[in-house]
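Since the structure is predicted, the reported quantities are computational estimates derived from the model, not experimental observations. Lettering follows sequence order; numbering is per chain, from 1.
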Amino acid sequence: MNIYVGNMSYNVSESMLRETFEEYGSVDTVNIITDRDSGRPKGFAFVEMKDDGQARAAIEALNGTDLEGRNLSVNEAKPRAPRPTGGSRW
DNA sequence: GTTGAGCGT
């Protein structure tokens with residue numbers, strides 16, 4: 001399951017996020033989003049967990065909790081938006 | 001500071 005983690009502090013790194021989620025299950029990947037044009041953090045991240053039960057547990061456990069002085073928003077992630085000028089040739 | 005990317009991996 002993909003997990004969205006928003007309202008993050010810029011002090012948290014991917015390893016910190018991973019360790020935080022590892023408390024509730026096995027983390028597959030963690031991906032902190034940075035602005036590709038400016039290279040600065042966007043303040044949110046995605047965590048992928050293979051086990052849905054563990055993912056849900058992590059979401060309920062970590063949503064609304066404080067991390068590095070920021071209140072986290074954790075919930076299931078939505079699929080990435082399709083880009084304009086990409087994919088289809090129609 | 002709130003829903004990710006990239007040009008042939």
Side-chain angles (χ1 to χ4, degrees):
Chain A
M1 170 175 274
N2 283 15
I3 305 171
Y4 166 81
V5 187
N7 196 41
M8 289 207 320
S9 169
Y10 293 156
N11 296 324
V12 324
S13 59
E14 292 189 357
S15 16
M16 297 171 70
L17 262 186
R18 170 177 287 267
E19 288 182 49
T20 303
F21 278 80
E22 284 281 1
E23 299 182 68
Y24 305 94
S26 304
V27 173
D28 185 32
T29 59
V30 31
N31 177 212
I32 290 185
I33 306 308
T34 51
D35 191 287
R36 194 175 60 83
D37 300 311
S38 64
R40 70 176 47 166
K42 282 192 169 185
F44 65 94
F46 290 94
V47 176
E48 181 146 22
M49 300 180 78
K50 292 181 180 294
D51 189 294
D52 284 25
Q54 295 178 345
R56 269 185 273 269
I59 291 173
E60 293 189 52
L62 297 172
N63 185 30
T65 61
D66 180 89
L67 182 62
E68 298 295 310
R70 229 59 189 187
N71 208 46
L72 291 158
S73 300
V74 186
N75 39 253
E76 182 178 348
K78 293 174 297 197
R80 184 173 38 80
R83 318 170 79 215
T85 77
S88 303
R89 292 117 173 103
W90 302 98

Worksheet item: Which part of the nucleic acid, if any, lies within reach of A/Ala45 when heavy atoms closer than 4.0 Å are counted: base, sugar-phosphate only, or nothing?
Response: nothing
Counting the atoms with a prime plus P, OP1 and OP2 as sugar-phosphate, which does A/Pro79 contact under 4.0 Å by heavy atoms, base, sugar-phosphate, or nothing? base
note: A/Ile3, atom CD1; B/dG4, atom C1'; distance rounded to Å ~ 15 Å
Is_stacked (A/Phe46, B/dG4) at 5.5 Å, 30 deg
yes
Interatomic distance, CG@A/Asn11 vs CG@A/Leu67, rounded to 0.5 Å, equals 9.0 Å
A/Lys42 atom NZ is separated from B/dT2 atom P, nearest whole Å, by 9 Å
Rounded to whole Å, the CG-P distance (A/Asn63 to B/dT2) equals 17 Å
Solution key, residues 19-34 of chain A side-chain donor-acceptor pairs under 3.5 Å, sequence neighbours excluded:
residue	atom	partner	partner atom	Å
A/Thr20	OG1	A/Met16	O	2.7
A/Glu22	OE2	A/Val27	N	3.4

When the C1' atoms of B/dA5 and B/dT9 are considered, how many whole Å apart are they?
-> 11 Å
Rounded to the nearest 0.5 Å, the NZ atom of A/Lys50 sits from the CD atom of A/Glu48 at a distance of 7.0 Å
Side-chain contact check for A/Lys78: nearest option of B/dT2, B/dG4, B/dT3 is B/dT3
Here the distance between atom P of B/dG4 and atom CZ of A/Arg40, to the nearest Å, is 18 Å
To the nearest angstrom, the CZ-C1' distance between A/Phe44 and B/dA5 comes to 12 Å
Applying side chain to side chain contact (heavy atoms under 4.5 Å, CB included) to A/Asn71 and not counting sequence neighbours gives A/Asn7
When rounded to whole Å, the CD1 to P distance for the pair A/Ile33 and B/dT3 reads 10 Å
Between CG of A/Leu67 and C1' of B/dT2 the distance, given in whole Å, is 15 Å
When A/Met8 and A/Asn2 are each assigned the nearest nucleotide of DNA chain B, the 5'-most assignment goes to A/Met8
To the nearest 0.5 Å, atom CD of A/Glu76 lies from atom CE of A/Met1 at 4.0 Å
- [ ] Spell out yes or no: do the side chain of A/Asn75 and the base of B/dT3 have one donor N/O and one acceptor N/O closer than 3.5 Å?
- [x] yes
Here the distance between atom C1' of B/dT2 and atom CG of A/Asn71, to the nearest Å, is 13 Å
- Query: Considering only heavy atoms and no angle criterion, is a donor-acceptor pair shorter than 3.5 Å present between the side chain of A/Asp35 and the base of B/dG4?
  - Reply: no
